[in-house]
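Every value quoted in this text rests on a predicted model; they were computed, and no experiment measured them. Lettering of chains follows the sequences in order, A, B, ..., and the numbering in each one begins at 1.
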2 protein chains.
Amino acid sequence: MSAGEPEPEQGPEPGTVRPGGRTARVRAAVLQAAGDVLAEQGFAHLDLGDVARRAQVGRTTVYRRWGTVTALVADLLQDMAEQSLPRTETGSLLGDLRANARLVQRTLTDARQGPLFKAVIAAATWDARTAEALHRFYDTRVAEWAPCVRQAADRGEVPEDTDAHEVIRAVSAPLYYRLLTSDVPLDRAAADRAAEAAAAAARAGAYVRHHKRT
Amino acid sequence: MSAGEPEPEQGPEPGTVRPGGRTARVRAAVLQAAGDVLAEQGFAHLDLGDVARRAQVGRTTVYRRWGTVTALVADLLQDMAEQSLPRTETGSLLGDLRANARLVQRTLTDARQGPLFKAVIAAATWDARTAEALHRFYDTRVAEWAPCVRQAADRGEVPEDTDAHEVIRAVSAPLYYRLLTSDVPLDRAAADRAAEAAAAAARAGAYVRHHKRT
DNA sequence: CCATTAAAGGAACTGGAGTCCCGTTATGAG
DNA sequence: CTCATAACGGGACTCCAGTTCCTTTAATGG
């Protein structure tokens, strides 16, 4: 096999060589417009042509830079991931988990972020790249909060070999489940209940690693 | 207001007047084909024309009877809902919840049902009708299992005023959360952990109604 | 076994999402 | 400031999902 043949030679991704000035302005306008459509009309009406018109940007540009709705949604998630709120420390496991639960609840009921998360989850079920982006996003978020479980273990609130990540996931899980499978709106009470349940289960040792019980 | 004007007069839904013979055969073939596509290629490739070809059915027929991918997926869910497995009773809350968790886990990892559930959840995020169908489906399923929590309360395993539906949802939540936000496959250990966590939290009183704690 | 007509199905048609081509703008390097 | 070219943008074009129209098949009632 001879290498060095005139391959299709796909250069660097558009927008990476001259990311300043206009390019950045275009990206911001498009993401803004896409977020607007999601918040106003939902994922179903997210059309690249429509987004281009709203963003006052050439249709060609949107197709060249993003190409598909799922890619656009994934980029929107990427953009949101950069504005991560810092973890608050309250001194108790229940307090920390409640802070986390309320943060998630506020995010999911937010007029802009809520629809976005629904859209990303939907997009992830039929596009592998988006799914990967979504998984990384949650891995990161969970890792950010996991230390509070570690601290609780040091304080003796939960068993030493508790799986911290699993506890953090246990806080979010009921909120997302309700968001997706029910029409009852997510309220603060639901968040507090999720936090309390996770804390209680953790204390009872339901999240210890290498489970040996029957 | 005078009634009886010559309204657009949209007759009964197609397939409701002569549901026997060919009509039933067509419905079965289409749902079968749709399920095949979902299992093999996922929601993204679910195209009505393709489904029609696989089902050896006229394209027009599929468009007339279902019209959209979401409607077809909703009907698929309806069809699946009819084959509901009976609840098993083990005599203990943990045993019952574990049975439920394992049932959910088996369903979500099933080659046909797993992709279907992902698809339905995705479809529900952008189509109100599908969302309603999905919500009803889960309300029904949760209600089927709730009695086991009631029985546990009678046995004194959990507080008297425990919200039974909330406990059942707490069992499924971590499984769905992991299905959607992670690439780690759902195994039986995850199911057992979900059941144990829900049981522990319920015992600790995290699901009592009219919460008054701080 | 007919007659009625609900429902299926073939085929041509249409509109708009996505692509292509090429001229225009303005970024970033020297 | 000047130049090379990355990235944008308008407009024509393509292609196929979804619709329409009409013919054929067969489910149901008598």
Parallel, tilted or perpendicular, as decided by the 30° and 60° cut-offs, for the rings of B/Tyr176 and A/Tyr177: tilted

Ion pair present between A/Arg169 and A/Glu166, side-chain N to carboxylate O less than 4.0 angstrom? yes

Pair A/Asp139 + A/Arg136: basic N to acidic O under 4.0 Å: no

Note: B/Asp187-B/Arg178 ion pair, threshold 4.0 Å (strictly below): yes

How many whole angstroms separate atom CG of A/Asp47 from atom P of C/dG18? 6 Å

If I take atom CG in residue B/Leu46 and atom P in nucleotide D/dA17, what distance separates them, rounded to the nearest angstrom? 12 Å

Would you say B/Thr23 reaches C/dA7's phosphate, i.e. side-chain N/O to OP1/OP2 under 4.0 Å? no

Side chain of B/Arg25 only, heavy atoms from C-beta on: which candidate in D/dA7, D/dA27, D/dG9 is closest? D/dA27

Salt-bridge test for B/Arg27 and B/Asp75: reply yes if a basic N is under 4.0 Å from a carboxylate O, no otherwise. yes

Could you check how far CZ of A/Arg53 sits from P of D/dC8, rounded to whole Å? 19 Å

At under 4.0 Å between heavy atoms, what does B/Thr16 touch on the DNA or RNA strands: base, sugar-phosphate, or nothing? sugar-phosphate

5' priority, DNA chain D, between B/Val69 and A/Thr61 [closest heavy atom]: A/Thr61

Could you check whether the side chain of B/Arg64 and the base of C/dA7 have a donor-acceptor pair of N or O atoms closer than 3.5 Å, going by distance alone? no

Any N or O donor-acceptor pair under 3.5 Å from the base of C/dT19 to the side chain of A/Arg59? yes

In whole angstroms, how far is the P atom of D/dC8 from the CZ atom of A/Arg27? 12 Å

Let me know the distance between CH2 of A/Trp66 and C1' of D/dC8, rounded to the nearest Å. 11 Å

Taking only the side-chain nitrogens and oxygens of A/Tyr63, find out if one of them lies under 4.0 Å from OP1 or OP2 of C/dT19. no

Closest to the side chain of B/Arg22, out of C/dA8, C/dA17, C/dT27, is C/dA8

Would you say a side-chain N or O of B/Arg18 is under 4.0 Å from OP1 or OP2 of D/dG29? no

With distance as the sole criterion, do the side chain of B/Thr60 and the base of C/dA11 form a donor-acceptor contact below 3.5 Å? yes

